[in-house]
Amino acid sequence: MMEYNTKKKRLPLPEYGRAVQKMVDHALTIENREERQQCAETIVSIMDGMFPVAKESGEIRQKLWDHLAIMSDFKLDIDYPCEVIRKEKFNEPPARIPYLKGEVKNRHYGRFVENMIAHACSMEEGEERNKLIELITIQMKKDYLAWNKDTVDNKQIFDDLREYSNGKIDIQEGYIKGYQQHNNQMRNNQKRKKVFKKKY
């Protein structure tokens with residue numbers, strides 16, 4: 001009768017598979033310390049070859065030895081080449097991430113836009129501040145369109161920006177012309193993408 005994996009012992013690290021786990025279980029039964037050490041090093045070499053993409057990371061060897069310790073339930077008595085994770089540290093729950101409190105004026109813009117506007121208000125007048133304001137208005141329009149798929153009035157964006165900044169950022173009519181040119185460029189790019197998709 002076939003035995004399903006769901007009925008077998010739960011693997012601590014399923015990504016390595018049951019075959020590698022059996023090797024680790026076998027290593028725990030080896031009495032000779034030298035042979036056990038050699039077996040552990042062989043297992044780590046096999047684990048290393050299973051994920052070649054991960055080799056780009058400089059911490060891969062550390063992780064492999066950590067994983068070996070975890071798979072042996074921290075019972076494998078060998079000379080680890082590096083300091084491995086402790087059992088008590090492994091079972092320690094992750095630190096609680098504090099949730100930012102406070103109301104957001106308009107949810108479709110979010111706190112990120114609010115923070116950018118506050119930063120722009122604190123900057124001195126100049127090209128850098130103007131460039132940031134331009135990027136903020138572009139982001140605000142993207143966020144607005146994510147909620148309202150049909151359209152968004154440029155004046156609405158500028159009015160919202162004025163309100164968020166308590167009047168410190170008041171975009172004049174001259175800026176609207178440049179802003180509209182940017183919007184037209186965005187629409188043209190979208191049209192080109194659609195045509196390209198149809199052809200190919």
Side-chain angles (χ1 to χ4, degrees), residues 1-123 128 132 135-136 138-140 142-147 149 164 193 197:
M1 185 176 178
M2 183 180 290
E3 185 181 7
Y4 292 97
N5 283 339
T6 52
K7 294 183 178 180
K8 294 179 182 179
K9 178 185 174 183
R10 187 173 179 273
L11 298 176
L13 295 174
E15 56 267 34
Y16 291 108
R18 202 164 294 276
V20 174
Q21 183 61 52
K22 285 182 178 179
M23 295 179 198
V24 177
D25 294 341
H26 172 69
L28 289 167
T29 65
I30 299 175
E31 295 183 3
N32 186 286
R33 185 178 181 83
E34 188 176 335
E35 289 181 14
R36 189 166 62 245
Q37 180 74 32
Q38 188 175 359
C39 180
E41 291 173 3
T42 303
I43 293 170
V44 169
S45 296
I46 293 170
M47 291 163 64
D48 189 27
M50 293 177 71
F51 304 101
V53 178
K55 290 182 180 180
E56 297 175 6
S57 171
E59 301 176 354
I60 183 62
R61 296 297 293 181
Q62 172 72 53
K63 287 183 179 179
L64 291 174
W65 286 105
D66 283 343
H67 290 173
L68 179 64
I70 293 167
M71 293 169 75
S72 67
D73 195 25
F74 304 92
K75 295 175 181 176
L76 190 59
D77 183 19
I78 59 170
D79 296 321
Y80 287 96
C82 54
E83 186 70 27
V84 295
I85 189 170
R86 302 288 181 184
K87 187 172 184 177
E88 56 272 17
K89 187 74 174 176
F90 177 69
N91 294 323
E92 186 179 289
R96 189 180 181 87
I97 299 175
Y99 186 77
L100 293 174
K101 296 182 179 180
E103 290 294 325
V104 178
K105 286 184 180 179
N106 291 310
R107 289 187 178 181
H108 51 272
Y109 292 139
R111 199 178 302 277
F112 176 66
V113 168
E114 283 189 0
N115 292 339
M116 285 200 300
I117 293 172
H119 181 67
C121 289
S122 67
M123 295 175 68
E128 188 176 352
L132 177 59
L135 293 173
I136 290 170
I138 293 169
Q139 183 62 44
M140 288 174 72
K142 288 179 180 178
D143 292 340
Y144 195 102
L145 288 172
W147 281 59
K149 301 289 184 182
Y164 266 70
K193 286 179 182 178
K197 286 180 180 178

Arg33: partners by side chain to side chain donor-acceptor pair (under 3.5 Å), with sequence neighbours left out = Asp77, Asp79
query = Looking at residues at least two apart in the chain, or sitting in another chain, which of them share a side chain to side chain donor-acceptor pair (under 3.5 Å) with Glu83?
reply = Arg86
query = Does a donor on one side chain and an acceptor on the other come within less than 3.5 Å for Glu41 and Gln37?
reply = yes
[Y] and [X], any side-chain heavy atoms less than 4.5 Å apart:
X	Y	value
Gln139	Leu135	no
Tyr80	Asp66	no
Arg61	Val44	yes
Ile78	Leu68	yes

Criterion side-chain contact (heavy atoms from CB on, under 4.5 Å) on Met140 and Ile136, from CA distance to verdict = CA-CA 6 Å; Met140 288 174 72; Ile136 290 170; 3.7 Å; yes
key: Positive for side chain to side chain contact (heavy atoms under 4.5 Å, CB included) with Ile43, one of Met23, His67, Gln38   = Met23
message = Other residues, nucleotides and ligands only: do more than 12 of their heavy atoms fall within 6.0 Å of CD on Glu34?
response = no
remark   = Smallest heavy-atom separation, Ile85 atom then Phe74 atom, equals O-CE2, 3.3 Å
remark   = Closest non-hydrogen atoms of Leu11 and Gly17, given as atom of the first, atom of the second and distance, are CD1-C, 3.9 Å
Drop me the distance from [X]'s [atom1] to [Y]'s [atom2], to the nearest 0.5 angstrom.
X	Y	atom1	atom2	result
Leu64	Cys82	CG	SG	9.0 Å
Met50	Tyr16	CE	OH	7.5 Å
Ile70	Trp65	CD1	CH2	14.0 Å

key: Sidechain-backbone polar pair: Arg36 side chain, Leu28 backbone, donor-acceptor under 3.5 Å   = no
task = Measure from the side-chain N and O atoms of Gln21 to the backbone N and O of Met71, and report whether any donor-acceptor pair falls under 3.5 Å.
result = yes
